[in-house]
Amino acid sequence: MATGSGISAQLGIAEEVTYGQFQAPDRFYEFVSEELSQEIERVESESLRSGTFMLSSSRWSDGKKNVEGDIELELTRKNQGLLFKHMLGQVATAQPDDVGAPSVYTHTFTPGDFPTGLTVQVGRTAVNGTTHAFSYLGCRVSEWELSAAVEDPVSLTLSLFGRDETTAESLVPVVYPAANRIYTFVHGSLTVDGTPVDVKEFSLSGENGLDDERYFLGSQLRKAPIQAELRTYEGEITTEFNDLTLYNKFVQGQEAALELTFDSGVNIESSYNFQIKITCNVRFDGETPTVDGTEIIEQSLAFTCIDDGSGPGSAVTVELTTDETTP
């Protein structure tokens with residue numbers, strides 16, 4: 001019997017074939033926390049009825065359902081491709097050297113049309129040791145944030161919109177990827193226009209502009225959220241104040257090539273390691289470095305990812321090098 005606390009919790013995800021229809025999870029993730037939940041609105045009558053002093057049982061009904069919430073994970077060597085695919089939308093898979101390194105695959109993710117959706121199943125264990133399956137159907141990524149800081153693992157937070165929640169599906173037994181390890185700040189490096197930058201903290205977030213109010217007569221459930229606003233990708237880097245190079249890019253409104261790499265140092269085959277590389281064309285949005293006592297002066301630079309005219313992949317691209325044949 002499981003331990004009656006969060007210690008026994010589990011998280012499984014599967015890509016749906018049909019939006020909003022349960023798909024048994026086939027990917028399982030270690031996770032830090034989750035806040036997925038279902039809200040059911042109540043529709044109450046405003047009609048006057050003689051002799052009635054309060055709301056009665058016959059004068060209210062269930063309204064629309066809303067499923068949403070966050071999942072916080074730590075970035076790992078394996079099982080990340082499915083997440084990046086649903087964060088950005090489009091993926092291309094190739095083998096950089098199918099002769100010399102036939103077990104190495106590169107999955108390249110760029111902004112594009114979103115896949116059908118995800119089934120997300122959370123196993124929540126009651127104090128009596130029974131783990132109950134809460135399955136969230138028709139999930140799409142509305143927002144996401146990737147962050148890294150000295151002393152910490154690399155963190156990934158996904159914000160989801162879902163169509164429905166059910167506890168009727170069986171809990172799928174968890175199977176974690178073998179030899180899966182986390183990425184930490186030690187594995188990271190960053191360059192701006194090809195020049196290495198010593199970074200203390202980094203964050204990159206995306207907002208996918210999804211319309212979550214697609215409700216219609218005849219159903220409590222929303223239809224698939226679709227993009228109805230421009231997507232935005234933005235972030236921030238914190239470094240020591242070395243010179244005016246980065247500051248001048250902000251002042252002069254210069255766009256720059258930013259590249260963040262997490263290299264595991266673990267070899268797959270030939271010269272290829274498990275690796276995640278993020279490239280962006282960015283506009284720096286500030287700010288001026290200031291003095292706060294005797295400490296080393298730090299410089300925080302917010303940035304926005306910009307399409308340079310060659311397509312959305314120029315704004316942000318994630319390249320995953322792995323031994324997994326599919327993302």
Side-chain angles (χ1 to χ4, degrees), residues 11-27 29 33-46 59-73 81-91 109-122 133-146 156-169 204-234 305 307 311-313 315-316 318 327:
L11 174 69
I13 298 177
E15 199 164 35
E16 294 177 346
V17 177
T18 302
Y19 175 76
Q21 292 190 10
F22 177 80
Q23 191 76 22
D26 53 8
R27 308 282 187 96
Y29 296 84
S33 65
E34 59 84 18
E35 297 178 347
L36 288 171
S37 64
Q38 172 182 241
E39 297 177 356
I40 304 176
E41 293 187 4
R42 309 302 189 191
V43 181
E44 299 179 353
S45 172
E46 297 182 359
R59 292 298 179 266
W60 72 271
S61 181
D62 289 329
K64 65 183 183 183
K65 291 185 178 181
N66 177 44
V67 170
E68 62 180 295
D70 294 349
I71 300 172
E72 182 181 353
L73 311 101
L82 181 64
L83 305 181
F84 287 124
K85 179 180 177 181
H86 284 259
M87 289 160 54
L88 292 172
Q90 185 168 295
V91 59
F109 306 89
T110 53
D113 293 336
F114 292 111
T116 301
L118 297 169
T119 292
V120 179
Q121 186 178 78
V122 182
F134 289 77
S135 299
Y136 297 92
L137 315 180
C139 291
R140 287 190 168 177
V141 178
S142 60
E143 301 177 19
W144 55 268
E145 181 177 37
L146 185 148
L156 176 63
T157 300
L158 304 177
S159 299
L160 304 177
F161 289 145
R163 176 173 169 82
D164 201 5
E165 174 197 88
T166 178
T167 56
E169 301 291 345
L204 174 64
S205 62
E207 294 188 13
N208 287 329
L210 299 183
D211 183 351
D212 65 332
E213 288 296 328
R214 300 193 67 224
Y215 293 93
F216 301 92
L217 296 178
S219 177
Q220 291 179 271
L221 308 178
R222 68 159 65 96
K223 287 194 172 183
I226 59 176
Q227 184 179 346
E229 298 178 2
L230 291 178
R231 300 186 202 184
T232 58
Y233 303 102
E234 56 189 17
C305 300
D307 181 344
V316 58
V318 177

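Every heavy atom of this structure was used, including side-chain atoms; hydrogens, water molecules and symmetry mates were not.
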If you take all heavy atoms of [X] and [Y], which pair is closest and at what distance?
{"X": "Val43", "Y": "Gly63", "result": "CG2-CA, 3.8 Å"}
{"X": "Pro115", "Y": "His86", "result": "CB-CE1, 3.4 Å"}
{"X": "Pro25", "Y": "Ala14", "result": "CA-CB, 3.6 Å"}
{"X": "Gln38", "Y": "Asp164", "result": "OE1-OD1, 3.5 Å"}
{"X": "Pro225", "Y": "Tyr19", "result": "CD-OH, 3.4 Å"}
{"X": "Phe114", "Y": "Leu88", "result": "CE2-O, 4.0 Å"}

Within the 3.5 Å criterion, strictly below it, is a donor on Glu145 or Thr157 matched to an acceptor on the partner's side chain? no
Check: Ser135/Gln121 side-chain N/O donor and acceptor closer than 3.5 Å: yes
For the residue pair [X] and [Y], establish whether any side-chain heavy-atom pair is separated by less than 4.5 Å.
{"X": "Leu83", "Y": "Phe109", "result": "no"}
{"X": "Ile40", "Y": "Gln220", "result": "yes"}
{"X": "Trp144", "Y": "Asn208", "result": "yes"}
{"X": "Leu11", "Y": "Glu34", "result": "no"}
{"X": "Leu204", "Y": "Cys305", "result": "yes"}
{"X": "Tyr29", "Y": "Leu156", "result": "no"}
{"X": "Leu36", "Y": "Ile71", "result": "yes"}
{"X": "Glu15", "Y": "Thr116", "result": "no"}

Main chain of [Y], side chain of [X]: is a donor-acceptor contact present, judged purely on distance under 3.5 Å?
{"X": "Ser159", "Y": "Asp70", "value": "no"}
{"X": "Thr119", "Y": "Gln23", "value": "yes"}
{"X": "Arg163", "Y": "Gly20", "value": "no"}

I need the [X] [atom1] to [Y] [atom2] distance, nearest 0.5 Å.
{"X": "Glu165", "Y": "Leu137", "atom1": "CD", "atom2": "CG", "answer": "9.0 Å"}
{"X": "Arg214", "Y": "Arg222", "atom1": "CZ", "atom2": "CZ", "answer": "10.5 Å"}
{"X": "Asp212", "Y": "Leu160", "atom1": "CG", "atom2": "CG", "answer": "12.5 Å"}
{"X": "Glu41", "Y": "Lys64", "atom1": "CD", "atom2": "NZ", "answer": "4.5 Å"}
{"X": "Lys65", "Y": "Leu221", "atom1": "NZ", "atom2": "CG", "answer": "6.0 Å"}
{"X": "Ser45", "Y": "Trp60", "atom1": "OG", "atom2": "CH2", "answer": "13.5 Å"}

side-chain contact (heavy atoms from CB on, under 4.5 Å) against Asp113, all qualifying residues, sequence neighbours excluded: none
Taken in chain and number order and not counting sequence neighbours, the residues that satisfy side-chain hydrogen bond (donor to acceptor under 3.5 Å, both in side chains) with Ser142 are none
Who are the side-chain hydrogen bond (donor to acceptor under 3.5 Å, both in side chains) partners of Arg27, not counting sequence neighbours? none
